[in-house]
Amino acid sequence: MLNADEKMLIQHAWEKVLGHQEDWGAEALERMFIVYPQTKVYFPHFDLHHDSEQIRHHGKKVLAALENAVHHMDNLSAALSKLSDLHAYNLRVDPVNFKLLSHCFQVVMAVHLGAEYSPQVHVAFDKFLVAVSTVLAEKYR
Ligand code: HNI
């Protein structure tokens, strides 16, 4: 799990996300849909064009959930329990897709934070996103 230094790096990096949640969330989703088009099957009801209102709105929601996770890094299972139910029982998103979105979000962070997205921040974020994805997929079986 994340050590104290990594938690600090994540909290610090998240401060840079504040104010950009909708833009950066939409950017991560748009990258996912373009780079891994198989992910589009879960969104047949969405307009997936560039700058679509639905993508922006959804990006904002996904980043709000990640922000909640940043605030509850010691207790992710409880913090994400409802979302975990939703993804496992209702949406039935194949867990491989969490890695794809996580990767796209890492690219967005790297693009916007530049040199500040150091290898240390990168690895901390990677561990954090793996932990979040594990919780979101833990109710599948
Ligand atoms: Ni996900 C809905 C968060 C990964 C497909 N998802 C949500 C909502 C949040 C959310 C928040 C909105 C819930 C609500 O309205 O009550 N999703 C997250 C997070 C991750 C994630 C934090 C990973 C880090 N979701 C994925 C992945 C896919 C996915 C990888 C598929 C490729 N999610 C969905 C779909 C919905 C959804 C589909 C419903 C969208 C809608 O509005 O109809």
Side-chain angles (χ1 to χ4, degrees), residues 1-114 116-141:
M1 249 322 277
L2 294 153
N3 64 36
D5 285 345
E6 289 164 342
K7 287 180 193 167
M8 226 176 55
L9 288 175
I10 290 166
Q11 277 157 354
H12 187 69
W14 197 267
E15 285 169 22
K16 315 277 171 188
V17 178
L18 301 180
H20 306 287
Q21 284 95 328
E22 186 167 325
D23 285 341
W24 295 8
E27 200 177 321
L29 288 170
E30 188 173 355
R31 281 181 181 273
M32 180 178 78
F33 293 138
I34 291 173
V35 181
Y36 308 108
Q38 67 273 31
T39 57
K40 294 196 280 191
V41 297
Y42 298 100
F43 297 87
H45 51 309
F46 266 44
D47 166 14
L48 296 182
H49 291 102
H50 176 66
D51 241 2
S52 116
E53 262 316 300
Q54 277 175 312
I55 294 186
R56 294 188 63 79
H57 188 61
H58 189 62
K60 190 175 172 182
K61 279 201 224 170
V62 172
L63 259 64
L66 287 180
E67 188 161 320
N68 181 40
V70 169
H71 292 144
H72 296 92
M73 279 189 276
D74 292 325
N75 201 358
L76 284 180
S77 283
L80 298 174
S81 176
K82 274 195 179 155
L83 262 193
S84 180
D85 284 344
L86 179 77
H87 285 78
Y89 303 132
N90 297 68
L91 302 170
R92 300 178 184 216
V93 174
D94 185 321
V96 296
N97 293 290
F98 292 111
K99 281 197 175 59
L100 306 181
L101 180 58
S102 297
H103 177 68
C104 291
F105 186 60
Q106 293 254 27
V107 171
V108 170
M109 292 290 282
V111 164
H112 292 285
L113 270 59
E116 281 187 76
Y117 206 67
S118 64
Q120 290 73 24
V121 177
H122 185 164
V123 71
F125 246 90
D126 189 57
K127 286 171 81 170
F128 168 69
L129 292 170
V130 166
V132 168
S133 300
T134 302
V135 171
L136 290 189
E138 77 189 357
K139 309 228 170 121
Y140 279 71
R141 54 175 78 203

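Both counts, for ligands and for their atoms, begin at 1 and track the order of listing. All of these numbers come straight from a predicted model, not from anything done at the bench.
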Does [X] approach ligand 1 within less than 4.0 angstrom via side chain, backbone, both or neither, non-hydrogen atoms only?
| X | result |
| --- | --- |
| Phe105 | neither |
| Leu136 | side chain |
| Leu101 | side chain |
| Leu83 | side chain |

- request: Answer yes or no: are there more than 12 heavy-atom neighbours, outside Lys7 itself, under 6.0 Å from its atom NZ?
  value: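 Check passes, neighbour count above 12.
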
Could you tell me the residue and atom name of the protein heavy atom closest to [atom], and the distance to it rounded to 0.1 Å?
| atom | result |
| --- | --- |
| atom 40 (C) of ligand 1 | His58 CE1, 3.9 Å |
| atom 38 (C) of ligand 1 | Tyr42 O, 3.2 Å |
| atom 13 (C) of ligand 1 | Leu86 CD2, 3.6 Å |

query: Taking distance alone, with no angle check, do Ser102 and ligand 1 share an N/O pair under 3.5 Å?
result: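 In fact, backbone or side chain, Ser102 has no N or O that close.
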
- request: Out of Leu80, Leu91, Val135, Val41, indicate the one that has the non-hydrogen atom closest to atom 37 (C) of ligand 1.
  value: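 The option holding the nearest heavy atom is Leu91.
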
- prompt: Evaluating non-hydrogen atoms only, which member of Phe128, Phe98, Phe43 is closest to atom 5 (C) of ligand 1?
  reply: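 Nearest option to atom 5 (C) of ligand 1, by heavy atoms: Phe43.
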
- prompt: Short check: any N/O/S atom of His87 below 2.8 Å from atom 1 (Ni) of ligand 1?
  reply: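 Yes, His87 qualifies, because one of its backbone or side-chain N, O or S atoms lies under 2.8 Å.
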
State the atoms of ligand 1, each with its element, that fall below the 4.0 Å cut-off from a heavy-atom position in [X].
| X | result |
| --- | --- |
| Val93 | 5 (C), 27 (C), 28 (C), 29 (C), 31 (C) |
| Asn97 | 30 (C), 32 (C) |
| Ala65 | 11 (C), 22 (C) |
| Lys61 | 11 (C), 12 (C), 15 (O) |

Aromatic plane relationship, Phe43 with His45 - under 30° parallel, 30 to 60° tilted, over 60° perpendicular: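 The arrangement is parallel - the two ring planes meet at less than 30°.
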
- request: Assign the ring pair His20 / His112 to parallel, tilted or perpendicular, where the plane angle (0 to 90°) is split at 30° and 60°.
  value: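 Ring orientation of His20 relative to His112: parallel.
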
query: Do Met32 and Leu29 come close enough that some side-chain heavy atom pair is under 4.5 Å?
result: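 Yes, at least one pair of side-chain atoms sits under 4.5 Å.
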
- request: With the side chain counted from C-beta on, respond yes when Val107 and Glu27 share a heavy-atom pair under 4.5 Å apart, and no when they do not.
  value: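 Contact flag for Val107/Glu27 side chains = no.
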
message: Tell me if a side-chain donor or acceptor on Gln21 pairs with a main-chain N or O of Gly19 at a distance below 3.5 Å.
response: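 Flag set: sc Gln21 to bb Gly19 pair under 3.5 Å.
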
message: So does Leu80 get a backbone contact from the side chain of Ser84, meaning a donor-acceptor N/O pair under 3.5 Å?
response: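 No, the answer is negative, given that no donor and acceptor are paired below the 3.5 Å cut-off.
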
query: Does ligand 1 have an atom that lies less than 4.0 angstrom from a heavy atom of His45?
result: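 The answer is yes, since His45 has a heavy atom less than 4.0 Å from ligand 1.
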
- request: Locate the shortest heavy-atom distance separating Tyr140 from Arg92; write the atom from each residue and the value.
  value: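 Distance-wise, the nearest heavy atoms are OH-C, 3.9 Å.
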
query: Could Arg56 and Asp23 be called an ion pair, given the rule that one side-chain N must be under 4.0 Å from one carboxylate O?
result: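 Yes, this pair counts.
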
Derivation of the side chain to side chain contact (heavy atoms under 4.5 Å, CB included) call for Leu91 and Tyr42: CA-CA 8 Å; Leu91 302 170; Tyr42 298 100; 5.9 Å; no

